[in-house]
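Each remark here refers to the structure printed beneath this line.
As the structure lists them, so they are numbered: ligands from 1, and atoms in each ligand from 1.
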Amino acid sequence: MAAALQTLGGGIGITLHWIAFTPTIEQQATEEQKKKWLKLAQDVAIVGAYAQTEMGHGTFVRGLETTATYDPSTQEFVINSPTLTSTKWWPGGLGKTANHATVMAQLYTRGKCYGPHNFMVQIRSLENHQPCPGVTLGDIGPKMESNGNDNGFARFDHVRIPRENMLMKFARVEADGTYVQPPSSKLAYSNMVYLRGTFVMSAAQALASATTIAVRYSCVRRQSEMKPGEPEPQILEYQTQQYKLFPQLAAAYAFWFASWFMTQQHGSITGSMEKGDMSGLAELHALSAGLKSYTTAVTARGIDVCRMACGGHGYSHASGLPALFGGAAALCTAEGENTVMMLQTARYLVKCFAQSQAGKRLTGTVAYLSAVQPSPVAGNRNMSDLGTLVAAFQHRAARMVRHAAMQMQGEMQKGKAREDAWNSCSVLLIKAAEAHVHSFVVRNFAETVQTVEVDESVRAVLTSLCQLYSLYGITEHAGDFLKDGYLTGRDIDAASSHLSAMLARVRPDAVALVDAFDLHDKILRSVLGRYDGRVYEHLYEWAKKSPLNKSEVHESYYKYLQPFLKSNRAKL
Ligand SMILES: CCCCCCCC/C=C\CCCCCCCCCC(=O)SCCNC(=O)CCNC(=O)[C@H](O)C(C)(C)COP(=O)(O)OP(=O)(O)OC[C@H]1O[C@@H](n2cnc3c(N)ncnc32)[C@H](O)[C@@H]1OP(=O)(O)O
Ligand SMILES: Cc1cc2nc3c(=O)[nH]c(=O)nc-3n(C[C@H](O)[C@H](O)[C@H](O)COP(=O)(O)OP(=O)(O)OC[C@H]3O[C@@H](n4cnc5c(N)ncnc54)[C@H](O)[C@@H]3O)c2cc1C
């Protein structure tokens with residue numbers, strides 16, 4: 001993703017060509033269609049956008065208004081934007097860069113609607129890049145960040161495309177207009193599941209970047225007096241600075257390992273699906289949606305913690321942190337808004353809980369839901385033991401899933417419709433789903449540090465980082481663990497003091513841990529995070545290049561300040 005994010009220059013961007021348009025052809029086109037478009041896309045002989053979101057709908061895909069109506073007399077689909085709100089809005093590259101787009105539209109044939117499907121539409125001439133007939137294109141204007149990408153809009157005025165331009169790997173429309181059902185209607189959403197999975201690594205990389213910048217800068221920056229008369233210490237010597245940065249550093253490793261699992265799961269489950277076994281699709285969707293939501297939200301917050309930990313220079317674009325925050329903030333909304341995605345995971349958990357209650361043995365990432373005992377066994381736990389920490393997170397998640405599901409059952413027993421009961425419990429459901437994903441990340445982190453093939457000294461450092469991540473989670477969410485007495489106040493105090501010990505333990509390895517991300521200065525794009533640590537000279541050079549410094553007296557003085565000053569002086 002990092003490579004794909006390198007735009008070709010201001011105002012255009014082919015990020016989405018690589019991460020959405022091309023994978024959609026790979027995942028949703030027939031072999032015949034791949035022969036026609038895949039190599040063109042891979043060789044960038046065409047540039048594409050993934051045009052799904054509209055001005056009026058992004059989350060609710062079944063509510064999209066763009067239509068693709070099949071005309072059997074010409075064997076064509078007619079793509080149309082019937083309303084203003086059906087205007088495609090947000091797709092990266094759509095405004096000025098792309099000459100093709102996969103357009104998600106409601107498929108109509110023989111007068112019946114079959115829901116959202118993907119269609120390949122050429123939107124600009126390959127000769128002069130002008131919009132094709134019937135296509136209106138433009139950029140949606142400046143955004144919070146990523147202004148190198150021309151997120152655009154598109155309107156279609158009865159644009160005709162050949163029947164063969166419907167991506168027909170799963171569903172098909174025959175020449176006479178007969179619709180052939182796919183194995184699952186959700187296969188049309190497969191690219192979103194794939195992309196959500198890649199966001200976990202994007203989040204890990206973003207948090208790794210931010211912690212690299214902040215940790216390195218915290219070793220360069222000296223400030224205040226820890227002891228009167230002594231030299232100003234590195235700000236990383238302050239426990240509060242360690243408490244800000246090291247949990248984010250640990251999370252970056254946790255998410256990096258979670259993305260390994262996500263990638264492996266996606267490959268294995270989609271491999272089975274290629275052979276017709278759809279059984280893993282629901283778990284894949286729930287895991288990718290939950291991990292995307294959880295990791296991007298923690299990352300965006302974590303980057304801002306890193307920014308604030310760098311003081312004023314963190315607020316400067318010289319640090320690279322504001323841009324990183326803006327990008328990570330986008331990941332919380334794009335590819336499935338985080339709240340909605342976590343609710344999808346909650347929906348899966350409630351379903352699995354009901355199956356477990358009916359006696360079914362659960363497997364995969366929800367197996368613990370049927371294994372965890374409801375009755376807490378309080379007692380002095382060893383809060384430095386990874387097994388103890390993993391069990392605590394799983395107990396917390398199981399308790400919260402059970403509580404949310406039982407609340408919902410209770411609402412329905414009072415006569416509420418399922419949908420109303422769902423809505424009135426959705427805050428509980430979100431918290432339960434977050435606890436579930438958090439427990440998965442902790443378990444996966446612990447299993448990875450115990451099995452990854454590394455030198456034992458490295459394993460010791462990673463184990464400390466995993467303990468730090470887990471203890472931080474327990475102390476930050478102490479109420480969840482205390483609620484049914486599973487952990488006691490003494491356990492929480494033990495967790496806090498062990499966390500302090502872990503901060504001190506990680507300190508000597510902090511720079512090595514961020515250097516291990518191996519993020520080149522050209523990727524970090526941060527004066528504060530430079531590998532050579534020469535911050536101040538380069539901060540001065542960076543500032544001198546500011547456009548405002550092109551002239552000693554800026555033209556605004558003569559236009560505004562000088563007359564203003566003159567008139568004020570004349571009144572004295
Ligand atoms: C060192 C480098 C540093 C890197 C730094 C990185 C920083 C970042 C920098 C810049 C970032 C800039 C941005 C980057 C690119 C952005 C790319 C964004 C692209 C897009 O946004 S594309 C558009 C994305 N849009 C969406 O995701 C839409 C979300 N909505 C949906 O997916 C669906 O509408 C829904 C899932 C919410 C609901 O679907 P619906 O059909 O209504 O289904 P339900 O009724 O809810 O459920 C029914 C049933 O279906 C199951 N189900 C739903 N979806 C799926 C699925 N995908 N797969 C399988 N099953 C699915 C659901 O579970 C239900 O099952 P059940 O009935 O319970 O058994
Ligand atoms: C940087 C960026 C790049 C993008 N690139 C693309 C792209 O290339 N292609 C593309 O097609 N799209 C793209 N998008 C659009 C993106 O996919 C949508 O913005 C996203 O899906 C959210 O939809 P929305 O904007 O309509 O928000 P809405 O769905 O309107 O959400 C608004 C609020 O309503 C809440 N809400 C909505 N539904 C529910 C619900 N069921 N339960 C509870 N709360 C709910 C949400 O939680 C949210 O807080 C991009 C967006 C951004 C920011």
Side-chain angles (χ1 to χ4, degrees), residues 1-7 13 15-21 24 48-64 88-94 98 101-104 115-116 140 143-149 151-152 184-196 198-199 201-210 212 278 280-286 288-289 292 296 299-300 303 320 323-348 350-352 422-423 426-427 430 517-520 523-525:
M1 173 102 163
L5 287 181
Q6 301 303 319
T7 62
T15 308
L16 273 295
H17 170 87
W18 292 118
I19 67 172
F21 175 76
T24 297
Y50 181 79
Q52 173 174 302
T53 300
E54 297 172 355
M55 186 191 284
H57 288 90
T59 287
F60 189 49
V61 175
R62 285 187 287 133
L64 292 175
K88 290 299 178 187
W89 199 274
W90 271 110
L94 186 64
T102 55
V103 177
M104 187 75 96
I140 65 170
K143 308 169 286 281
M144 177 177 178
E145 219 10 268
S146 305
N147 283 299
N149 262 321
N151 297 84
S184 158
S185 65
K186 300 308 171 198
L187 289 169
Y189 294 5
S190 68
N191 177 58
M192 291 186 271
V193 172
Y194 160 74
L195 205 43
R196 285 171 199 143
T198 67
F199 273 30
M201 177 49 92
S202 304
Q205 286 180 334
L207 200 50
S209 302
T212 300
M278 298 294 155
L281 183 57
E283 161 102 359
L284 183 64
H285 168 54
S288 58
K292 180 267 178 190
T296 57
T299 291
I303 292 170
L324 212 41
F325 175 76
L331 298 179
C332 295
T333 302
E335 210 50 59
E337 195 280 331
N338 277 359
T339 305
V340 176
M341 288 299 103
M342 201 52 94
L343 284 169
Q344 285 290 309
T345 302
R347 178 172 174 147
Y348 179 68
V350 167
K351 194 173 175 183
C352 293
W422 172 270
N423 191 42
S426 47
V427 172
I430 283 269
F517 291 130
D518 197 19
L519 294 165
H520 193 280
I523 293 282
L524 277 184
R525 290 187 271 189

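Atoms CG and OG, on L207 and S202 in that order, are 12.5 Å from each other to the nearest 0.5 Å. For the atom pair CG (L324) and CD (Q205), the distance works out to 10.5 Å, reported to the nearest 0.5 Å. If you take OG1 on T59 and CD on Q344, they are separated by 10.0 Å, rounding to the nearest 0.5 Å. Atom CZ in R62 sits 6.5 Å away from atom OH in Y189 (nearest 0.5 Å). With rounding to the nearest 0.5 angstrom, the CD1 atom of I140 is 14.0 Å from the NZ atom of K88.
Note: no N/O pair closer than 3.5 Å links L331 and ligand 1 by distance alone. For a threshold of 3.5 Å applied to N or O pairs, the pair formed by Q52 and ligand 2 contains at least one separation below that value. For a threshold of 3.5 Å applied to N or O pairs, the pair formed by E335 and ligand 1 contains at least one separation below that value. On a distance-only criterion, W89 and ligand 2 share no N/O pair closer than 3.5 Å. For ligand 1, the polar-atom distance check finds an N/O of Q52 within less than 3.5 Å of one of the ligand's N/O atoms.
The heavy atom nearest to atom 26 (C) of ligand 1, out of those in R62, M192, M144, is found in M192. Nearest residue to atom 4 (C) of ligand 1 from H285, H520, R525, Q205 is Q205 (criterion: closest heavy atom). When the heavy atoms of P116, S146, A203 are ranked by distance to atom 12 (C) of ligand 1, first place goes to S146. Residue R196 holds the heavy atom nearest to atom 32 (O) of ligand 1 of all those in R196, R347, Q344. Counting heavy atoms only, T59 comes closest to atom 30 (N) of ligand 1 of the residues T59, T53, T296, I19.
In this structure, atom 16 (C) of ligand 2 is in close contact with the protein, since a protein heavy atom lies within 4.0 Å of it. Within a 4.0 Å radius of atom 32 (C) of ligand 2, the protein has no heavy atom. When distances from atom 25 (O) of ligand 2 to the protein are checked, no heavy atom turns up under 4.0 Å. Note that atom 38 (N) of ligand 2 has protein non-hydrogen atoms nearby, at separations under 4.0 angstrom. Taking a distance limit of 4.0 Å, we find that atom 8 (O) of ligand 2 is approached by some protein heavy atom. Shown here, atom 35 (C) of ligand 2 is out of close reach of the protein: none of its heavy atoms lies under 4.0 Å off.
Summary of contacts: the protein heavy atom closest to atom 3 (C) of ligand 2 is N151 ND2, 3.5 Å. Considering only non-hydrogen protein atoms, atom 48 (C) of ligand 2 sits nearest to E337 CD, 3.7 Å. Protein heavy atom in closest approach to atom 40 (C) of ligand 2: V340 CG2, 3.9 Å. Of the protein's heavy atoms, T59 OG1, 3.7 Å lies nearest to atom 28 (P) of ligand 2. Scanning the protein for heavy atoms near atom 50 (C) of ligand 2, the closest one is W90 CB, 3.8 Å. What sits closest to atom 20 (C) of ligand 2 on the protein, heavy atoms only, is T333 O, 3.4 Å.
Contact of the L16 side chain with the F21 side chain is not registered, since no non-hydrogen atoms from C-beta on lie closer than 4.5 Å. Using a 4.5 Å heavy-atom threshold, the side chains of V193 and L284 count as touching. Side-chain contact between Y50 and L195 is absent, with no heavy atoms from C-beta onward closer than 4.5 Å. Looking at W422 and R347, their side chains come closer than 4.5 Å, going by heavy atoms from C-beta outward. Put simply, the side chain of M278 reaches to within 4.5 Å of the side chain of L187, judged on heavy atoms.
Contacts of N338 with ligand 2, taken as heavy-atom pairs under 4.0 Å, are absent altogether. The backbone and the side chain of V61 each have at least one atom closer than 4.0 Å to an atom of ligand 1 (non-hydrogen atoms only). Contact annotation for V340 and ligand 1: only side-chain heavy atoms (C-beta onward) come within less than 4.0 Å of the ligand. Using a 4.0 Å cut-off between heavy atoms, T53 contacts ligand 2 through both its backbone and its side chain. Within the 4.0 Å heavy-atom criterion, the part of L16 lying near ligand 1 is the side chain and not the backbone. Contacts between W90 and ligand 1, counted as non-hydrogen atom pairs separated by less than 4.0 Å, are absent for every part of the residue.
If you number the atoms of ligand 1 from 1 as listed, the ones under 4.0 Å from a heavy atom of A334 come out as 16 (C), 18 (C), 21 (O). Here is the list of ligand 2 atoms found below 4.0 Å of a heavy atom in E335: 17 (O). When each atom of ligand 2 is checked for a heavy atom of L16 under 4.0 Å away, the hits are 8 (O). Close approach of ligand 2 to L343 (heavy-atom distance below 4.0 Å) involves ligand atoms 42 (N), 43 (C). Atoms of ligand 1 found under 4.0 Å from any heavy atom of G58, numbered from 1 in the order shown, are 28 (C). Which parts of ligand 1 touch S209 is read off a 4.0 Å heavy-atom cut-off, strictly below it: atoms 1 (C), 3 (C). Numbered from 1 in the order shown, with element, the atoms of ligand 2 that lie under 4.0 Å from a heavy atom of A330 read 1 (C). Atoms of ligand 1 found under 4.0 Å from any heavy atom of Y50 (numbered from 1 in listed order, with element): 22 (S). Proximity to I523 (heavy-atom distance under 4.0 Å) selects the following atoms of ligand 1: 1 (C).
Ligand 1 lies nowhere less than 4.0 angstrom from a heavy atom belonging to G92. Contact annotation: G92 has at least one heavy atom less than 4.0 Å from an atom of ligand 2.
Between the side chain of E54 and the backbone N or O of G56 there is no donor-acceptor pair closer than 3.5 Å. A side-chain donor-acceptor contact under 3.5 Å links R196 to the backbone of E335. For K143 (side chain) and N149 (main-chain N/O), a donor-acceptor pair under 3.5 Å exists by modelled atom type. For the pair T299 (side chain) and T296 (backbone), a donor-acceptor distance under 3.5 Å is absent. Between the side chain of K292 and the main chain of L331, a donor-acceptor pair closer than 3.5 Å is present.
Heavy atoms only, all atoms of each residue included: I430 and T339 are closest at CD1-O, 3.4 Å.
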